[in-house]
Amino acid sequence: MIAGVRVSGWEHNSAVLIAVAAGEQGSGTLQRLHADGTPAGRPETVGDLAAAVAARERADGSRWIWSSTPALYPPLLRRGVRVARCHDLQLTEALLLGYHGRWGEPRALAAIHARRHGLPVPADPAPADPVPPGSGPIQAALFDDLAEPPEEIAVVVEAYADQLARIADVAEAGRFRLLVALESAGALAAAEMGHHGLPWDAAAHDAVLRELLGEPTPGGGPPRRLVELRERITEAFGGARLNPESPADVLRAFSRAGIVLPSTRAHVLRGVDHPAAPLIVEYKELYRLWTSHGWSWRAQWVRDGRFRPEYVAGGVVSGRWATRGGGALQIPKAVRRAVVADPGWTLVVADAGQLEPRVLAAVAGDGRLAAAAATGDLYAALATDAFGGDRAAAKVAMLGAMYGQTGGDAVPALAALQAKYPVAWEYVQAAARTGEGGGLVRSWLGRTCPPAGGGPTSGAQARARGRFTRNFVIQATAAEWALALLAGVRTRLAATSAQLVFFQHDEVVVHAPADEADEVAEAVRAAGEQAGRLLFGDTQVRFPLDVSVVRCYADAK
DNA sequence: AGTTTCATATGG
DNA sequence: CTCGCCATATGAAACT
């Protein structure tokens with residue numbers, strides 16, 4: 001039993017349970033449930049599902065049980081209806097199937113529906129292609145897929161009862177319940193963030209682009225600075241034309257100049273003594289900016305002062321989020337200048353520092369490492385404790401241990417880490433051994449890694465698998481901590497005008513009226529404090545948040 | 001011509 | 001005897 005169970009929160013609450021199924025044209029069916037998942041009364045069909053949900057949300061503080069948050073929630077948000085809690089059957093099903101090593105099997109809803117109708121069990125649908133805002137009715141398409149016969153509410157009810165029973169069967173049911181609640185809360189937050197969008201100042205974005213790239217070309221061709229650079233690169237090679245974006249062209253041109261290179265990577269080119277080398281590095285950097293986050297990107301993804309990516313909660317095997325289209329989780333630092341709060345509003349930016357080594361300290365139960373993780377700078381504490389004050393060496397060793405590095409400059413530091421923190425060392429070693437031997441590992445709350453691909457495994461593949469499982473136990477648990485932070489922030493913001501607008505692995509951004517900024521910053525800090533207790537109970541490991549209140553994302557520390 | 005893989009960048 | 005984890009996105013190169 002973990003301490004989280006004692007904390008009033010998600011896993012044991014008195015929320016009214018209501019199963020919901022969407023019908024056609026905004027209608028739907030509701031079914032009250034007892035705490036054990038059995039029906040309470042008869043299902044009720046309503047013509048206006050959004051209105052019915054809003055009414056019960058106000059009255060009850062309900063937990064909504066539905067098939068898929070990304071399918072059902074956005075239409076409610078467009079009607080201005082926000083819900084506090086849900087149970088997402090598809091996300092939960094994926095967690096449960098994974099727990100039993102049964103990846104790739106059909107979703108519960110589809111399987112139950114098929115069985116009730118005597119139909120063959122359908123395969124999972126292929127993921128949708130990225131759809132920029134305004135260019136396609138992706139949500140309508142999802143609704144079409146879900147337009148089930150009227151008894152679909154019975155499928156929802158049956159699937160929920162089935163999942164409750166299976167959750168109760170897992171070894172650490174309390175932790176797993178928390179995982180399910182957090183995953184579902186994350187799905188709500190993802191839909192809300194996609195709905196609200198990230199404040200995007202087109203003029204500021206334009207200023208960044210013009211400063212770095214020069215004037216845009218009217219026809220949409222390469223901007224002035226790129227054209228100039230390309231000419232100077234040609235000159236530097238004595239007039240021979242080449243495409244600086246083509247690794248083969250670049251290698252050939254240097255070869256003709258008597259310089260043989262292993263690759264055209266930036267760090268290789270930086271060490272080359274030739275006038276073209278720095279020009280190519282600059283060209284490649286600017287070219288990426290132009291193609292990935294330039295003017296045409298903005299035309300495609302930014303509308304009405306908001307960048308609205310489609311977040312995919314649980315889209316990564318480790319539990320981290322993915323996005324479909326727009327590259328929301330890879331916004332270059334320079335482009336963050338374009339993320340600006342509305343007039344009279346601010347951005348509250350919170351970043352969890354050194355999250356993964358702190359997670360290792362907590363899950364491994366290594367007292368000496370936990371003591372280092374009780375400080376504000378874990379690497380500095382490590383350096384004092386075991387690395388003769390060399391903070392850089394401490395950091396390299398810690399990262400190497402978590403990623404499975406075995407060679408290179410880090411070897412002596414790794415040995416020092418093993419000697420001083422044997423309990424933590426053994427924790428990641430055990431995870432690696434399990435993976436190398438073909439076994440599965442789990443996060444702290446019970447998310448299970450996917451099995452290795454089929455076929456015979458070479459020694460190299462087994463070691464790669466070991467590095468994956470070694471890292472999984474940490475990365476997946478860090479993702480759980482971040483979900484707990486996100487869910488806590490979301491709950492605390494419900495009473496304010498502020499909105500969650502961005503979430504990137506270990507960082508959240510809240511868009512808040514300026515006069516609520518202090519209150520929001522305090523709420524974020526409180527959520528951070530609670531996240532650690534919720535997962536790990538009474539540990540001395542701290543998970544400090546760096547909180548900034550800024551107008552512009554680029555100004556956050 | 002369309003699809004897949006490679007190389008290289010971005011983020012954590 | 002190579003060997004550091006998880007991703008997305010782009011264009012070039014290779015493939016069907």
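Residue numbers begin at 1 in each chain, while the letters A, B, ... track the order of the sequences.
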Practice item. Taking the side chain as every heavy atom from C-beta outward, state whether V396(A) and L414(A) have any atom pair closer than 4.5 Å. Key: no
Check your understanding: Taking five pairs at each end of the helix from dA1(B)-dT16(C) to dG12(B)-dC5(C), what angle separates the two helix axes (nearest 10°)?
Key -> 10°
Check your understanding: Contact class for F472(A) (heavy atom, under 4.0 Å): base, sugar-phosphate, or nothing?
Key -> nothing
Each nucleotide N or O in nucleotides 8-12 of chain B that has a protein N or O under 3.5 Å away: list the pair and distance.
{"from": "dT8(B)", "atom 1": "OP1", "to": "T264(A)", "atom 2": "N", "distance (Å)": "2.8"}
{"from": "dT8(B)", "atom 1": "OP1", "to": "T264(A)", "atom 2": "OG1", "distance (Å)": "2.5"}
{"from": "dA9(B)", "atom 1": "OP1", "to": "A266(A)", "atom 2": "N", "distance (Å)": "2.8"}
{"from": "dG11(B)", "atom 1": "OP1", "to": "K333(A)", "atom 2": "N", "distance (Å)": "3.0"}
{"from": "dG11(B)", "atom 1": "O3'", "to": "R336(A)", "atom 2": "NH2", "distance (Å)": "3.3"}
{"from": "dG12(B)", "atom 1": "OP1", "to": "R336(A)", "atom 2": "NH2", "distance (Å)": "3.1"}
{"from": "dG12(B)", "atom 1": "O3'", "to": "D506(A)", "atom 2": "OD1", "distance (Å)": "2.8"}
{"from": "dG12(B)", "atom 1": "O3'", "to": "D506(A)", "atom 2": "OD2", "distance (Å)": "2.7"}
{"from": "dG12(B)", "atom 1": "N2", "to": "R320(A)", "atom 2": "NH2", "distance (Å)": "3.0"}
{"from": "dG12(B)", "atom 1": "N3", "to": "R320(A)", "atom 2": "NH2", "distance (Å)": "2.9"}

Dump every N/O contact between nucleotides 14-16 of chain C and the protein below 3.5 Å, one line per pair.
none

Exercise for review: Could you tell me the separation between the CZ atom of R463(A) and the P atom of dC1(C), rounded to a whole number of Å?
Suggested key: 13 Å
Revision key, fill the gap. Rounded to whole Å, CG of D249(A) lies from C1' of dA7(B) at a distance of 14 Å
Point to revise | P atoms of dC3(C) and dT8(B), separation to the nearest Å | key: 15 Å
Check your understanding: Are any of S246(A)'s side-chain N or O atoms less than 4.0 Å away from OP1 or OP2 of dA13(C)?
Key -> yes
Check your understanding: Among all residues two or more places apart in sequence or in another chain, which pass the side-chain contact (heavy atoms from CB on, under 4.5 Å) test with S548(A)?
Key -> V550(A), A556(A), K557(A)
Practice item. Starting from P on dC3(C), measure out to CD on E436(A) and report it in whole angstrom. Key: 17 Å
Check your understanding: Does anything in residues 403-421 of chain A pair up under side chain to side chain donor-acceptor pair (under 3.5 Å), and if so which pairs, sequence neighbours excluded?
Key -> D385(A)-Y421(A)
Practice item. Run the ring-centre check on F503(A) versus Y311(A) and record whether the distance is less than 6.0 Å. Key: no
**Study point:** Separation of dA12(C) P from L242(A) CG (nearest whole Å)
**Key:** 12 Å
Point to revise | Pairs flagged by side chain to side chain donor-acceptor pair (under 3.5 Å) wherever residues 466-487 of chain A is involved - sequence neighbours left out | key: S318(A)-Q475(A), Q429(A)-R470(A), S443(A)-E480(A), N471(A)-Q475(A)
Review point. OP1 or OP2 of dA12(C) sitting under 4.0 Å from any side-chain N/O of N243(A)?
Key: yes
Point to revise | Between C1' of dA7(C) and CZ of F468(A), the distance in whole Å | key: 12 Å
Check your understanding: For E245(A), which residues count as a salt bridge (Lys or Arg N to Asp or Glu O under 4.0 Å) partner, sequence neighbours excluded?
Key -> R288(A)
**Study point:** Check ion pair E93(A)-R102(A) (N to O, under 4.0 angstrom)
**Key:** no
**Study point:** Those residues that, when tested against Q354(A), pass side-chain contact (heavy atoms from CB on, under 4.5 Å) (two or more places apart)
**Key:** P357(A), R358(A), D377(A), L378(A), Y379(A), R391(A)
May I have the list of side-chain donor-acceptor pairs in residues 251-258 of chain A shorter than 3.5 Å, sequence neighbours left out?
{"from": "R252(A)", "atom 1": "NH1", "to": "D249(A)", "atom 2": "OD1", "distance (Å)": "3.3"}

Throw together a table of side-chain donor-acceptor distances under 3.5 angstrom for residues 225-239 of chain A, partners on residues two or more places apart or in other chains.
{"from": "R225(A)", "atom 1": "NH2", "to": "E282(A)", "atom 2": "OE2", "distance (Å)": "2.8"}
{"from": "E228(A)", "atom 1": "OE2", "to": "R224(A)", "atom 2": "NE", "distance (Å)": "3.4"}
{"from": "T234(A)", "atom 1": "OG1", "to": "R230(A)", "atom 2": "O", "distance (Å)": "3.0"}

Check your understanding: Excluding sequence neighbours, so at least two apart, what forms side-chain contact (heavy atoms from CB on, under 4.5 Å) with P412(A)?
Key -> none
Revision key, fill the gap. In short, ring-ring contact (aromatic ring centres under 6.0 Å, His included) pairs touching residues 191-235 of chain A with sequence neighbours left out are W200(A)-H205(A), W200(A)-W297(A), W200(A)-F307(A), H205(A)-W297(A)
Point to revise | Nucleotide dC6(C), atom C1' - distance to CZ of R447(A) in whole Å | key: 13 Å
Practice item. Using whole Å, report how far CD of E310(A) lies from C1' of dT8(C). Key: 14 Å
Check your understanding: Heavy atoms under 4.0 Å, any strand shown: does A248(A) hit a base, just sugar-phosphate, or nothing?
Key -> sugar-phosphate
Check your understanding: Between dG4(C) atom P and R470(A) atom CZ, what is the distance in whole Å?
Key -> 11 Å
